[in-house]
Amino acid sequence: MNNFSEFEKEIQETYQLPQPSPTFIHRVELEIKTHRQLDEKQSRSIFQKSRGWAFAAITIFLLLTTLFFAIGPSNVLAQIQAALAFVDNLGVVESDSSFYSLVEPISDTKEGITIEIESAVFSNDKTVIQFRIDEIPDEMRTESFGQPECRTPAYLIFPDGNKVFSSSHSSMRESKGSFIDTLHFYDLGRKDFRDAILIFPCLNGTAVNKGPKNWEFALALEPAPDDVVVYPLDLPEPSDVEQTETSPTDFPTQANLETEPNPMPEMIIDGDRQEEMTLLSVVDKPDSYWVTWGFPTSYDPDVSMNGMLYYMPNSPELFDAKGEKIPFQDSLAEKFHDFEQDLLRLLPEEDYIKYFASIQTWAIPKSGVDFPVYLKWNVIDRSFPEKEDFADVDFDGDLIQSADQRVYFNQDLEIGDIKFKLRSIYVNFFGGYSFYFDGSEDKVIQCEVEILDHPSNYHGDSHGISGDRIFFEQSVMYPTLPSGPLTARISLPAVLGDTITYIGSWSPED
């Protein structure tokens with residue numbers, strides 16, 4: 001049986017499509033995965049230590065969440081401008097925090113799995129714990145798609161009964177059979193961290209009721225020394241953010257730009273229209289500047305699956321003033337992601353929602369670059385113009401019980417004024433139904449699919465574009481695959497529109 005779907009084969013064999021960049025793939029994986037990354041061995045972060053280690057101190061951050069509600073978003077930006085800095089390999093920090101670190105690594109083994117707590121750094125606002133763990137045995141994993149698995153995060157508990165759950169859990173394969181995992185905790189609300197206990201209610205990736213339960217590690221902590229280097233974190237003034245959020249910028253034509261001292265490189269302006277990105281922060285490092293931009297994204301609340309009103313087919317590109325492309329450092333992708341999460345946490349909720357999908361950090365070398373630099377990100381407008389209408393397609397599930405029993409429809413669909421085609425239905429690798437569409441006629445890139453009377457526990461989508469050809473799949477997953485006479489209801493087609501060139505510019509003189 002061929003592992004490629006019709007969608008994959010047609011895209012790969014018929015069209016010469018550009019491959020998605022490693023940066024884009026890595027960014028998506030970091031957003032949607034909280035457990036195993038099957039990458040090549042990666043170097044460990046700042047908390048890596050051999051046995052007999054001596055921990056180098058780190059100052060940690062974060063303004064209390066209540067600050068946002070006490071003084072308001074604009075004033076918060078002004079406050080954090082003076083309060084925060086950046087610590088390499090860790091992120092945004094509050095420069096005057098006191099903190100504790102683990103006295104020595106702790107190791108324990110249960111049911112054939114070993115966990116070694118290698119480092120822990122505690123502060124009132126942020127705590128980071130890193131540990132090595134063996135790969136979960138197959139007999140402890142789920143046996144089929146949709147089977148419940150461990151979702152309860154690890155937590156810290158203190159002698160007074162205060163319990164704090166981890167806010168994030170990332171994992172990176174270190175070598176065959178072992179992973180380096182990192183837990184982040186925020187807002188512990190205390191200054192005394194002695195006698196903290198780390199508890200894993202269950203292990204991430206195990207099936208429910210399999211593997212060790214309520215695994216405890218008593219953490220011996222001590223005050224850490226104070227010898228860390230912090231870098232300035234430059235944040236925009238509140239007025240700068242408000243200005244770029246409220247209205248798009250119409251950039252002058254290239255002919256007009258050529259009369260200016262530093263004209264914008266010609267390859268920047270290639271969309272149907274241009275809008276300006278928001279400068280979110282600048283970190284002045286010894287050999288480079290970490291510059292972070294974003295643009296406000298929006299969502300249609302009537303669309304339950306993916307109501308984003310932008311389609312991002314490509315990764316952003318950075319150019320200097322002469323039009324020379326500045327490469328993205330893939331080796332820094334994970335560090336940038338952690339840094340961006342720190343920045344997003346500083347924003348009010350409404351701004352977090354605006355920027356979390358578009359935030360982008362770039363390391364710009366201090367030498368060999370002609371300033372100003374220009375970040376370009378081409379995205380495509382998409383909309384949902386038909387929200388009430390739908391199309392029903394009847395099919396016999398008994399005829400599609402494996403991936404090689406594809407049923408071809410080539411059925412024209414018309415939802416309101418929008419036309420596209422259902423090409424086929426097949427059973428995907430996860431044991432659900434996948435619906436393969438040709439959206440070329442009216443630039444349809446997504447729709448919603450439900451099988452009536454059979455609620456799905458998961459929806460997924462994939463797509464490919466080459467020139468004027470658009471193909472996409474919508475998948476619905478079930479613990480038990482429905483069979484017999486079925487009706488697929490197809491609705492909410494997403495239609496592509498103009499290409500928008502978002503542009504961010506920056507120079508050290510700014």
Partner of E149 by side chain to side chain contact (heavy atoms under 4.5 Å, CB included), out of T142, T206, L203, N204: T142
Can you confirm whether or not the ring centre of F336 sits under 6.0 Å from the ring centre of F328? yes
Y426 six-ring face occupied by R406 cation (under 6.0 Å, within 45°): yes
Do the ring centers of F295 and Y310 come within less than 6.0 Å of each other? yes
Residue set satisfying side chain to side chain donor-acceptor pair (under 3.5 Å) with D302, at least two apart, ordered chain then number -> K387
Check whether F437 forms a cation-pi arrangement with R423 (NZ or CZ under 6.0 Å from the six-membered ring centre, at most 45° off the ring normal). no
Among D270, D272, N314, whose side-chain hydrogen bond (donor to acceptor under 3.5 Å, both in side chains) with N378 holds? D270
Carboxylate-amine/guanidinium proximity below 4.0 Å for K421 and D442: no
Mind checking the CG-CD1 spacing from L280 to I359? Nearest 0.5 Å is all I need. 5.5 Å
Counting only heavy atoms not in K213, do more than 12 sit closer than 6.0 Å to its NZ atom? yes
For the pair F409 and I425, evaluate side-chain contact (heavy atoms from CB on, under 4.5 Å) and give the outcome as yes or no after the intermediate values. CA-CA 8 Å; F409 286 80; I425 305 176; 3.4 Å; yes
Hits for side-chain contact (heavy atoms from CB on, under 4.5 Å) against V303, two or more places apart or cross-chain, chain-then-number order -> D300, F384, Q446, E448, L492
Y289 ring center near W506 ring center (under 6.0 Å): yes
Can a donor-acceptor pair be found between the side chains of E340 and T361 at a distance below 3.5 Å? yes
Compute whether any side-chain donor of one residue and acceptor of the other, for Y355 and T278, lie under 3.5 angstrom apart. yes
If only side-chain N and O atoms count, and only distance matters, is there a donor-acceptor pair under 3.5 Å linking D394 with T487? yes
Pair F179 and F131, ring centroids less than 6.0 Å apart: no
With no hydrogens and no angle check, just 3.5 Å: does a side-chain donor-acceptor pair link D181 and S171? yes
